[in-house]
Peer 1: 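If you scroll down you'll find the structure; I have some questions about it.
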Amino acid sequence: MAKTHYKLIILGGGPAGLTAGLYAARARMDHLFIEKGAEGGQILLTDWVDNYPGFPEGISGFDLAEKMSAHAKRFDLNSMFGNVISMDLSEPVKRLELEDGGSLTCNALIICTGARPRPLGIPGEKELTGKGVSYCATCDAPFYRNMHVAVIGGGNTAVQEAAHLTKFADKVTLIHRRDELRATKILQENAFDNPKINFIWNSNATKIQGTDGVEELHLRNNDGEESILKVDGVFVLIGVLPNNEMLPLESLKADDGGFIPTDLETRTAVAGVYAAGDIRSKEVRQIINAAGEGATAVLAAENYLINLS
Ligand code: NAP
C-alpha cells in the first residue's frame with residue numbers, strides 16, 4: 001500500500017515550495033512535496049527575472065523555475081502531482097483531501113499555494129479571456145506582433161510586462177488609475193524611456209468589447225470622461241488573489257484579503273502549520289523572499305517535529 005502519512009508535507013511548488021522542498025530533502029526529512037501543475041508557480045508567468053541574486057545577467061522565469069526544481073531534485077525531493085481540495089487542521093495530525101478521492105496525513109504542513117492574477121471584473125473580460133484578454137504577457141506577447149495592446153495596472157508586473165510586450169507589439173498603452181506608478185523606480189525609468197509605451201493616467205477600464213477578439217477598451221477617467229481605445233489585446237496586471245480555496249481560513253485566521261498571517265518564523269495560528277511565499281499576509285511579494293520564507297518554514301517545522309517526538 002502506498003505511503004499516506006509523512007512527517008512534513010509541503011503544498012505548492014512555486015519558489016517558496018521548491019525552496020522548502022530543497023531544504024527538507026537535503027535535511028533528509030520524511031517529506032512529501034505536492035504540486036498540482038507545473039513547478040515554478042508565478043515565475044512561469046514572468047518573462048525575465050533581473051533581481052534574483054546569483055544571476056548577474058538576469059534569467060528567464062522559466063529557466064529559474066527549472067533550476068529551482070532541479071536543485072531540489074538533486075537531493076531526492078519526494079514529489080507528487082495532486083490537487084488538494086480541502087484539509088482538516090483541527091487535530092495534531094493534519095489531513096489533506098485530494099481531488100482524486102485520496103487523502104494524506106502529516107504532522108507538519110507548509111502552505112506555499114501562492115497567488116494568481118486578480119481579474120478586473122468588468123463586462124467583456126470573462127467572455128474575451130483567451131481571445132485577447134490575458135493575465136500573462138510572458139505567455140501571450142508573441143500573439144501581438146505589430147499590434148496595439150493595452151496593459152492595465154501600475155505595479156511591477158504591469159510595468160515590467162509592458163516592456164516585454166514592446167518586443168512584439170508596435171504600441172503598448174499602459175492605463176493606470178492614478179497619476180503615479182507603484183512600480184520600482186528602475187522599471188519606471190525604463191518604461192518612460194521606451195518609445196513604444198504610452199501612458200493613460202487617472203483612468204479605469206470599464207468595458208472590453210469585441211466579437212471574435214478584443215476590439216475596444218472603454219475607459220473612464222477620474223473626472224468621469226469616457227473614451228474608447230482601439231486595441232487588439234488587453235493585459236490585466238493589477239495584482240494578485242490568494243490561492244486559498246483548499247484552506248480552512250477561519251482556523252488560519254486569514255486576513256481580509258484571504259492571505260495567511262504568520263510570525264517571523266512563518267508559523268500560522270495553527271501549531272505545526274506554516275505559510276511561505278505569496279499566500280502569506282505581507283507587503284513584499286518577491287521571488288527572493290518567497291524562497292527565504294520556504295527555507296525558514298522548513299527549519300521551523302523541523303524544530304516543531306523534534307519537540308513532538
Ligand atoms: P501590485 O504591486 O499590487 O500592483 C497592482 C497595481 O494594479 C497597482 O498599481 C494598483 O493601483 C493597480 N490596481 C489594483 N487593482 C486595480 C483595479 N481594480 N483597477 C485598476 N488598477 C488596479 O501588483 P503586481 O504588480 O502584480 O505585483 C505583485 C507583487 O509581485 C508585488 O509585491 C510586486 O512587487 C511583486 N513583483 C515584483 C517584480 C520585480 O521585482 N521585478 C515583478 C513583478 C511583481 P494602485 O497603485 O493605485 O494601487
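Each ligand, and each atom within it, is numbered from 1 in the order the structure gives. As the structure is a prediction and not an experimental result, all values here were calculated from the model.
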Peer 1: Would you say Gly154 has any N or O atom under 3.5 Å from an N or O of ligand 1, going by distance alone?
Peer 2: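 Yes: some nitrogen or oxygen of Gly154 is under 3.5 Å from one in ligand 1.
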Peer 1: For atom 43 (C) of ligand 1, which candidate among Leu237, Thr184, Thr157 holds the nearest heavy atom?
Peer 2: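 Comparing heavy atoms across Leu237, Thr184, Thr157, the nearest one to atom 43 (C) of ligand 1 lies in Thr157.
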Peer 1: Does Val240 reach ligand 1 with a nitrogen or oxygen that is under 3.5 Å from one of the ligand's nitrogen or oxygen atoms?
Peer 2: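 No: no nitrogen or oxygen of Val240 is under 3.5 Å from one in ligand 1.
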Peer 1: Nearest non-hydrogen contact with atom 12 (C) of ligand 1 belongs to which option: Arg177, Gln42, Arg118, Gln286?
Peer 2: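 Nearest option to atom 12 (C) of ligand 1, by heavy atoms: Arg177.
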Peer 1: Identify which one of Glu293, Arg267, Arg280, Lys282 satisfies the side-chain contact (heavy atoms from CB on, under 4.5 Å) criterion when paired with Thr262.
Peer 2: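 Looking at Glu293, Arg267, Arg280, Lys282, the match for Thr262 under the side-chain contact (heavy atoms from CB on, under 4.5 Å) is Arg280.
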Peer 1: Does Phe143 have more than 12 heavy atoms from other residues, nucleotides or ligands lying within 6.0 Å of its CZ?
Peer 2: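 No, not enclosed.
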Peer 1: Identify, by atom number and element, the atoms of ligand 1 in contact range of Asn51, meaning under 4.0 Å from any of its heavy atoms.
Peer 2: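 Every atom of ligand 1 under 4.0 Å from some heavy atom of Asn51: 39 (C), 40 (O), 41 (N).
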Peer 1: Heavy-atom pairs closer than 4.0 Å: do any link ligand 1 to the side chain of Leu120, the backbone, both, or neither?
Peer 2: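 It is the side chain that gets close, since no backbone atom is under 4.0 Å.
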Peer 1: For His176, counting its heavy atoms only, list the atoms of ligand 1 lying under 4.0 Å from any of them.
Peer 2: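 Per the distance check, 9 (O), 11 (O), 45 (P), 46 (O), 47 (O).
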Peer 1: Note the single closest protein heavy atom to atom 1 (P) of ligand 1, along with its residue, its atom name and the distance in Å.
Peer 2: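 Checking every protein heavy atom, the shortest distance to atom 1 (P) of ligand 1 gives Arg182 CD, 4.1 Å.
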Peer 1: Give me the residue, atom name and distance of the protein heavy atom closest to atom 34 (O) of ligand 1.
Peer 2: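 The answer is Asn156 ND2, 2.9 Å.
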Peer 1: Going by the atom numbers of ligand 1, which of them fall below 4.0 Å from some non-hydrogen atom of Gly155?
Peer 2: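 In order of numbering, the contacting atoms are 4 (O), 6 (C), 8 (C), 9 (O), 25 (O).
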Peer 1: Would you say that more than 12 heavy atoms from the other residues, nucleotides or ligands in this model lie under 6.0 Å from the CZ of Phe168, or not?
Peer 2: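 Buried by this count: over 12 neighbours within 6.0 Å.
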Peer 1: In this structure, does ligand 1 have an atom that sits under 4.0 Å from one of the heavy atoms of Glu161?
Peer 2: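 So Glu161 does not count as touching ligand 1.
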Peer 1: Answer yes or no: does atom CZ of Arg116 have more than 12 heavy-atom neighbours from other residues, nucleotides or ligands under 6.0 Å?
Peer 2: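 Yes, the 6.0 Å shell around CZ holds more than 12 heavy atoms from other groups.
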Peer 1: Other residues, nucleotides and ligands only: do more than 12 of their heavy atoms fall within 6.0 Å of CG on Leu264?
Peer 2: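 Not more than 12 within 6.0 Å, no.
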Peer 1: Hey, are the side chains of Glu216 and Lys230 touching, using non-hydrogen atoms and a 4.5 Å cut-off?
Peer 2: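 Answer yes - side chains close enough.
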Peer 1: Of the listed options (Arg285, Arg178, Gln160), which comes nearest to atom 32 (O) of ligand 1 when hydrogens are ignored and any heavy atom counts?
Peer 2: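 It is Arg285 whose heavy atom sits nearest to atom 32 (O) of ligand 1.
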Peer 1: List the closest protein heavy-atom neighbour of atom 7 (O) of ligand 1: residue, atom name, distance to the nearest 0.1 Å.
Peer 2: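 Protein heavy atom with the smallest distance to atom 7 (O) of ligand 1: Ile238 CA, 3.3 Å.
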Peer 1: Do Cys139 and Leu45 touch side chain to side chain, with heavy atoms closer than 4.5 Å?
Peer 2: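 Heavy-atom side-chain distance check passes, below 4.5 Å.
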Peer 1: Do the numbers put Arg285 on top of the ring of Phe259, so that NZ or CZ is under 6.0 Å from the six-membered ring centre and no more than 45° off the axis?
Peer 2: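 Judged by the rule, Arg285 and Phe259 form a cation-pi pair.
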Peer 1: Looking at atom 3 (O) of ligand 1, what's its closest protein heavy atom, distance included?
Peer 2: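 Going by distance alone, atom 3 (O) of ligand 1 is nearest to Gly239 CA, 4.1 Å.
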Peer 1: In terms of the angle between their ring planes, are His176 and Trp201 parallel, tilted or perpendicular, with boundaries placed at 30° and 60°?
Peer 2: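 Geometry flag for Trp201 against His176: perpendicular rings.
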